[in-house]
Structure formats: structure tokens, C-alpha cells
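Just so it is clear, the model here is predicted, and its values are computed rather than measured.
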Amino acid sequence: MAEHLASIFGTEKDRVNCPFYFKIGACRHGDRCSRLHNRPTISPTLLLSNMYQRPDMITPGVDATGQPIDPKKMQEHFEDFYEDIYEELSKFGEIESLNVCDNLADHMIGNVYVQFREEEQAGAALRALQGRFYSGRPIIVDFSPVTDFREATCRQFEENSCNRGGYCNFMHVKQIGREMRRRLHGRVRRGGGRSRSRSRSPRREKRGDRERERGGERERERDGGRRERDGGRGERDGGRRERENSEERRAKIEMWNKERENSEERRAKIEMWNREREEKERSVEVKREDKERSVEVKRED
């Protein structure tokens with residue numbers, strides 16, 4: 001019996017524990033869920049609920065006034081937010097993963113998941129973020145049970161084939177640009193942050209040093225060729241547009257949030273969509289329970 005319960009824990013067959021909360025750290029039923037939400041007391045992963053406020057909350061690609069938004073500006077808005085959050089959270093320790101949900105459902109919209117290398121680092125970040133505000137809104141932060149984002153993300157979304165769209169119950173992770181990924185995440189990995197690997201022998205260490213030296217020479221040669229093609233702009237990052245500082249980014253994000261929050265029509269539409277979705281889900285759940293009861297009755301007979 002114990003082995004059976006352990007094998008079905010956190011799956012659809014588990015009638016006690018909520019599988020969605022176990023996999024993605026969020027459930028569409030919230031506190032009304034009929035199954036248990038086992039909230040961890042310590043975890044390397046934090047969930048900052050509904051933190052990212054996208055400019056097109058009413059209709060994708062359209063702002064609160066009904067005007068179309070340039071996709072480049074949308075991406076710039078997101079990357080400003082991402083960089084601001086990454087810089088702040090990296091003060092507490094090495095970040096293994098930082099994911100922002102692109103879903104539209106209430107329990108997942110704007111959720112930010114940050115996974116630290118150590119649980120102690122996540123605990124320090126949680127204590128520091130409690131009671132703080134971002135862009136005029138309180139930060140809601142908790143430990144999350146999610147440790148494997150491969151199980152939490154929607155594979156169909158990654159293949160551009162998810163037919164549920166923004167209301168999918170699995171994570172649709174919003175992606176940052178290649179340049180920012182290399183600049184933020186690449187610098188940690190180049191610094192040799194993966195200390196969990198086993199120690200290597202001196203012979204392998206020397207061979208690895210030689211390979212890194214050759215790789216560094218090839219990288220410098222490629223960089224030199226790029227600088228010549230670019231007309232001698234100097235260093236590789238010298239020609240990149242300088243980003244606004246943190247205060248300017250916060251001011252811009254807060255301005256967009258204020259414009260969006262003034263729309264009563266947006267709130268009304270979202271509430272209507274949520275009610276319709278909950279009614280559909282409730283009817284499906286009732287039908288499923290009725291079917292299970294009829295099967296149980298037949299077995300008893």
C-alpha cells in the first residue's frame with residue numbers, strides 16, 4: 001500500500017494531493033481545491049505571484065486604450081522587467097533558473113519562478129522580499145514545490161502547437177532575447193559556478209585547461225573579425241544600446257501599469273472569461289465525478 005501511494009503521489013490518480021500544485025506550484029481552484037496543497041517549508045524555488053504585468057492584458061497585442069502595441073516594444077518591456085528582477089534576486093545567491101509565465105489564467109498570469117542553487121539562498125531572498133513593493137504593487141512571495149521545470153512547462157507551447165492558448169494549465173515560459181540570455185546567464189556559467197560536479201584528476205584538468213585556452217583563442221579571433229566587419233566599434237558589447245538604469249526602468253513599467261489598470265473594461269472582460277471558464281470546468285468535473293460514482297455502484301452490485 002505504501003509503495004502504491006508513493007508511486008501515484010502528485011499524479012492524476014492521487015485523490016488526496018493536487019497534481020497541478022505539485023507540478024507547477026499553482027492551482028486554478030486555489031483554496032477551494034478539493035485536494036491538498038502541500039506547501040513546502042523550504043525549497044530552492046520561489047514563486048512571485050502575478051508579478052509581471054504585461055501591457056496587453058485585455059487583448060494580446062493591444063494596450064488598454066485599444067491601440068496596437070509594437071511587438072518590439074512588448075519584448076523591450078519584458079526584458080527591462082526581467083533584467084531588473086534578475087539583478088535584484090542575484091544579490092541573494094546564484095540563480096539556476098528564472099522563468100516568467102506568459103499564461104493568461106488568473107492563477108498563473110505574470111508568475112515569476114526563481115530557482116536558486118541552494119535552499120538557504122532562497123530562504124534569504126524570501127525574507128528580504130516579504131513586505132516589499134515593485135512598481136507600486138506588493139510582492140507576494142512563497143516557497144514553491146517546483147524543482148523540475150521540464151515537468152511544469154507545456155511541451156506543445158514550446159513546439160508552437162498548444163491549442164489551449166494562454167489558459168493552458170502548464171507553464172508557457174516567456175523567452176528573453178539571445179543577447180540578454182548570454183549576458184545574464186552566460187556570465188555565471190563561464191565563471192565556473194557548477195561546483196556540484198566531482199573533482200577531476202590533474203591530467204583531465206590540464207587537458208581541460210588546454211582546450212579552454214584554444215577555445216579562448218578561437219573566440220578572440222571571431223571577435224576580432226566581428227569588430228572589423230562592424231567598422232571598428234571596439235569591444236564586442238561596445239556597440240550595444242545602453243539600457244536604462246533601474247530607476248528609469250521602474251518608472252517606465254509603473255507608467256504602463258497605471259495606464260493599464262485604469263481600464264474597467266479590461267477587468268469586466270477578464271471576470272466574464274473567468275466565470276465562463278470556471279463554469280465549464282465545474283461541469284466537466286461534475287460529469288467526471290458522476291461517471292466515477294456510477295462505476296463504483298456497478299462494482300458494488
Side-chain angles (χ1 to χ4, degrees), residues 9-10 17-18 20-27 37-53 78-103 107-153 170-200 243 245-247 249-250 253:
F9 181 81
N17 303 286
C18 178
F20 282 103
Y21 183 80
F22 179 74
K23 290 180 180 178
I24 63 175
C27 172
H37 292 177
N38 294 301
R39 304 180 186 277
T41 57
I42 188 66
S43 171
T45 307
L46 295 181
L47 168 60
L48 289 77
S49 301
N50 310 123
M51 188 172 185
Y52 176 59
Q53 300 292 298
F78 170 66
E79 291 190 356
D80 284 340
F81 168 84
Y82 189 98
E83 184 176 12
D84 204 16
I85 295 301
Y86 188 94
E87 290 177 353
E88 181 66 24
L89 294 175
S90 61
K91 297 177 182 177
F92 304 101
E94 182 179 340
I95 295 177
E96 292 281 337
S97 179
L98 179 61
N99 295 317
V100 180
C101 287
D102 201 25
N103 304 65
H107 66 292
M108 295 187 70
I109 185 169
N111 283 0
V112 177
Y113 295 81
V114 55
Q115 185 176 24
F116 289 92
R117 187 173 180 81
E118 304 293 342
E119 293 178 344
E120 292 76 11
Q121 298 168 347
L126 178 100
R127 291 189 294 272
L129 293 174
Q130 285 178 336
R132 291 181 59 179
F133 287 75
Y134 182 84
S135 188
R137 302 174 65 251
I139 298 176
I140 304 173
V141 57
D142 294 291
F143 286 119
S144 173
V146 180
T147 55
D148 187 356
F149 286 98
R150 293 173 299 180
E151 294 292 329
T153 54
F170 288 92
M171 290 172 57
H172 289 188
V173 178
K174 194 169 180 64
Q175 300 296 325
I176 58 175
R178 184 179 300 175
E179 180 66 27
M180 174 172 285
R181 183 172 299 279
R182 185 187 302 115
R183 183 157 49 88
L184 294 180
H185 297 280
R187 65 189 179 191
V188 176
R189 287 168 174 78
R190 286 196 297 270
R194 294 225 175 241
S195 59
R196 294 180 182 178
S197 60
R198 293 175 293 181
S199 60
R200 297 178 293 178
R243 289 189 170 274
N245 57 34
S246 297
E247 292 298 329
R249 286 201 301 273
R250 291 193 181 97
I253 293 171

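Between F81 and M51 there is a side-chain heavy-atom pair separated by less than 4.5 Å. For the pair R39 and F143, the minimum side-chain heavy-atom distance is 4.5 Å or more. A heavy-atom distance below 4.5 Å is found between the side chains of L98 and V112. Side-chain contact between V114 and Y86: absent, with no pair of heavy atoms (C-beta onward) separated by less than 4.5 Å. With a 4.5 Å cut-off on side-chain heavy atoms, V146 and F22 do not count as touching. Contact check for R182 versus R178: side-chain heavy atoms found under the 4.5 Å cut-off. Between L48 and I140, the closest side-chain pair of non-hydrogen atoms is not below 4.5 Å. A heavy-atom distance below 4.5 Å is not found between the side chains of F78 and D102.
When all heavy atoms are compared, the tightest approach of F133 to P138 is CD2-N, 3.4 Å. Across I176 and R181, no two heavy atoms sit closer than the pair CG1-NH2, 3.6 Å. Considering all non-hydrogen atoms of both residues, S43 and A122 come closest at O-CB, 3.2 Å.
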Practice task
Take E151 and K23, measure what salt bridge (charged side-chain N to carboxylate O under 4.0 Å, His left out) needs, and give me the verdict at the end.
Solution key: CA-CA 6 Å; E151 294 292 329; K23 290 180 180 178; 5.3 Å; no
Problem - Verdict with reasoning, S97 to Y113, per side chain to side chain contact (heavy atoms under 4.5 Å, CB included) - result: CA-CA 8 Å; S97 179; Y113 295 81; over 6 Å; no
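Remark: H107 pairs with no residue by the ring-ring contact (aromatic ring centres under 6.0 Å, His included) rule, at least two apart or across chains. Residues forming a ring-ring contact (aromatic ring centres under 6.0 Å, His included) with F170 (at least two apart in sequence, or on another chain): F20.
A donor atom on one side chain and an acceptor atom on the other are not found under 3.5 Å apart for D142 and S144.
Remark: L89 CG to L129 CG distance equals 6.0 Å, nearest 0.5 Å. Interatomic distance, E87 CD to L184 CG, rounded to the nearest 0.5 Å: 7.0 Å. Summarising the geometry, atom CD belonging to E119 is positioned 12.5 Å from atom CZ belonging to F116; distances are rounded to the nearest 0.5 Å. In this structure, I139 CD1 and L46 CG are separated by 11.0 Å, a value rounded to the nearest 0.5 Å. Here the CZ atom belonging to F92 is positioned 10.0 Å from the CG atom belonging to L126, to the nearest 0.5 angstrom. Atoms CD and CZ, on Q53 and R137 in that order, are 3.5 Å from each other to the nearest 0.5 Å.
A donor-acceptor contact shorter than 3.5 Å links the side chain of N50 to the backbone of I109.
A cation-pi geometry, defined here as NZ or CZ lying under 6.0 Å from the six-membered ring centre and within 45° of its normal, does not hold between K174 and Y52.
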